[in-house]
There are 2 protein chains.
Amino acid sequence: MSKYEQIKEYIYQKIESGEWPENHPVSSENGLAGQFNVSRMTARRALQELADEGLVTRARGSGTFVAPLKSQSALLTIRNIADEIRTRQHQHHAKVVLMEEVSAPPTLATFLHVPNGSKVWHSVIIHFENDQPVQVEDRYVNPRLVPEYGQQDFTACTPHEYLCEVTPLTEASHQIEAVLPDQQTMQWLGLSEPEPCLQINRRTWCSDGVVSQATLTHPGSKYRLGGHITFRSPRKTKGEV
Amino acid sequence: MSKYEQIKEYIYQKIESGEWPENHPVSSENGLAGQFNVSRMTARRALQELADEGLVTRARGSGTFVAPLKSQSALLTIRNIADEIRTRQHQHHAKVVLMEEVSAPPTLATFLHVPNGSKVWHSVIIHFENDQPVQVEDRYVNPRLVPEYGQQDFTACTPHEYLCEVTPLTEASHQIEAVLPDQQTMQWLGLSEPEPCLQINRRTWCSDGVVSQATLTHPGSKYRLGGHITFRSPRKTKGEV
DNA sequence: TACTTGCTAATGTATATACAACAAATCGAG
DNA sequence: CTCGATTTGTTGTATATACATTAGCAAGTA
């Protein structure tokens with residue numbers, strides 16, 4: 001193991017064991033350099049990487065301290081529906097039930113930052129897992145940024161994949177809620193009785209503005225959103241991230 | 001702007017504009033050092049940080065290349081309910097409706113990795129936002145790792161906050177689904193009619209094993225889970241992460 | 001062809017040094 | 001004692017250098 005990794009391990013162990021609680025001072029760069037008999041730059045690298053991983057905070061002129069645990073937030077990964085189905089070794093296919101150009105109503109126009117009443121792409125696509133419908137994707141797309149949207153074949157590649165290709169997506173915001181589907185959505189999902197649905201509202205951005213607004217509706221009985229989380233960056237012991 | 005930041009900006013711009021597509025080679029450390037008239041170590045820092053942010057991949061002996069876009073997954077932040085309410089400038093309070101020690105049924109015992117039938121803590125806590133119930137937290141806790149759980153005052157600090165303090169939580173897994181609440185939950189949430197609820201199933205781990213298993217139920221009409229996402233690490237232009 | 005060898009270029013690690021920017025403690029004057 | 005200036009310690013940036021490790025290529029060899 002390289003020297004800077006040894007120093008990281010040493011500090012990591014102190015923090016994980018609880019020997020160094022929150023805000024406990026960590027030896028300075030020069031201090032560590034002395035303890036471990038390395039140059040300051042090597043000790044510095046250890047501290048810098050720990051800071052990048054969020055385990056310690058550093059303040060010029062003041063020192064390095066054990067970072068407070070971030071109890072308030074955790075990260076959940078949201079994956080592409082097609083990928084998710086495929087990794088379950090199931091079969092995915094999509095059906096385009098609607099592809100049109102419509103005048104954006106006021107709310108949508110505000111969402112997409114386009115002039116009120118201007119034309120936008122509107123598509124509705126149903127995603128199937130082993131021939132069972134698991135998602136209705138109702139999407140509006142800004143034609144200024146993606147003029148060719150209406151001409152794509154979305155049975156081959158999902159809209160999200162396509163959008164990632166043609167525009168460098170930079171951000172997205174999600175809202176997840178539980179709702180009862182309307183009649184039309186029930187029909188698309190093949191539901192005879194109303195049942196709770198997981199609805200994800202997603203807005204995606206590229207550097208030039210809002211690209212797309214999508215509402216993804218999943219039947220609660222056939223779909224759940226899962227994710228694994230690490231509160232801190234895991235140690236890179238075995239060479240893999 | 002410091003020199004290494006200028007180099008990062010330069011490369012970032014090339015990638016974002018699409019001028020350098022996936023797998024396009026990036027100038028070598030020495031090359032950039034020449035172009036920008038800096039030392040190799042300064043150019044190296046720029047490339048190294050871009051690699052840490054996932055924008056480029058590096059291979060010893062081979063070179064640096066624009067990383068493929070990760071379209072398949074995005075990250076959603078899940079926050080502590082109490083923090084979330086407080087940042088909305090609303091008032092949060094909690095009510096403990098149940099705190100007991102029970103014998104773990106088989107399924108739960110497997111979940112928590114404890115012997116079948118051994119005692120575990122079980123608590124049910126209702127969280128209020130401005131006196132409206134917004135979450136029922138039904139939690140089981142491994143007493144081997146958190147023996148004092150039953151003696152805490154959870155009107156002052158949420159269980160999750162407490163658990164983060166006493167054990168260094170390292171991981172969690174979440175499952176989110178839409179369900180109809182049972183009679184008891186409806187009563188706790190003050191619902192007269194059944195309505196779709198967002199249910200989060202969370203299991204948390206520390207280095208010694210599974211700490212806790214919680215089911216968080218939110219009424220769909222009063223709660224949605226929101227999150228902002230960046231597909232790539234944002235540029236650190238204005239000095240903030 | 002198939003394999004080996006050696007060279008070159010690229011990244012990875014480590015060191016030494018210099019100076020800048022900043023925070024906190026120290027000291028001195030009033 | 002209080003306020004302000006100075007000092008000291010710590011992190012941030014930048015440079016120069018040395019050597020290690022590896023990928024890719026080219027040339028040579030069987």
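Proteins come first, then strands; the chains are lettered A, B, ... in the order of their sequence lines, and each starts at number 1.
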Taken to the nearest whole Å, CZ/B:Phe65 to C1'/D:dT22 is 13 Å

CG-CZ distance between B:Leu163 and B:Arg139, expressed to the nearest 0.5 angstrom = 5.5 Å

Between D:dA14 atom C1' and B:Glu49 atom CD, what is the distance in whole Å?
-> 14 Å

Quickly work out the A:Glu5 CD to C:dG12 P distance and round it to whole Å.
-> 12 Å

Would you please confirm or rule out a distance under 4.0 Å between OP1 or OP2 of C:dG12 and any side-chain N or O of B:Arg58?
-> yes

For B:Lys8 and D:dA14, give me the distance from atom NZ to atom P, rounded to whole Å.
-> 12 Å

Out of D:dT11, D:dG12, D:dT13, whichever nucleotide has its closest atom nearest the side chain of A:Ser28 | D:dT11

Answer with base, sugar-phosphate or nothing: what part of the nucleic acid does A:Arg45 contact at a heavy-atom distance below 4.0 Å?
-> sugar-phosphate

Heavy-atom protein contacts under 4.0 Å, nucleotides 15-20 of chain D, coded B base, S sugar-phosphate only, - none | BBBB--

Establish, with yes or no, whether the OP1 or OP2 oxygen of D:dG12 is under 4.0 angstrom from a side-chain nitrogen or oxygen of B:Ser2.
-> no

Looking only at heavy atoms, what is the nearest atom pair of B:Ala82 and B:Thr158, with distance?
-> CB-CG2, 3.7 Å

Taking C:dA23, C:dT11, D:dT11 as options, the one with an atom nearest any side-chain atom of B:Arg44 is C:dT11

Does A:Gln48 put a side-chain nitrogen or oxygen below 4.0 Å from OP1 or OP2 of D:dT11?
-> no

Would you mind reading off the distance between B:Leu32 atom CG and C:dA9 atom P, rounded to a whole angstrom?
-> 17 Å

Scan for salt bridge (charged side-chain N to carboxylate O under 4.0 Å, His left out) pairs involving residues 147-157 of chain A, sequence neighbours excluded, and state none if there are none.
-> none

Sub-6.0 Å ring centroid separation between A:Phe36 and A:Tyr10 | yes

Below 4.0 Å: OP1/OP2 of D:dA14 and any side-chain N or O of B:Tyr4 = no

Between B:Gln175 and A:Arg224: side-chain donor-acceptor atoms closer than 3.5 Å | yes

In short, A:Leu112 meets A:Asn142 closest at the heavy-atom pair O-ND2, 3.7 Å

Got a second to check how far A:Asp138's CG is from A:Gln199's CD, nearest 0.5 Å?
-> 9.0 Å

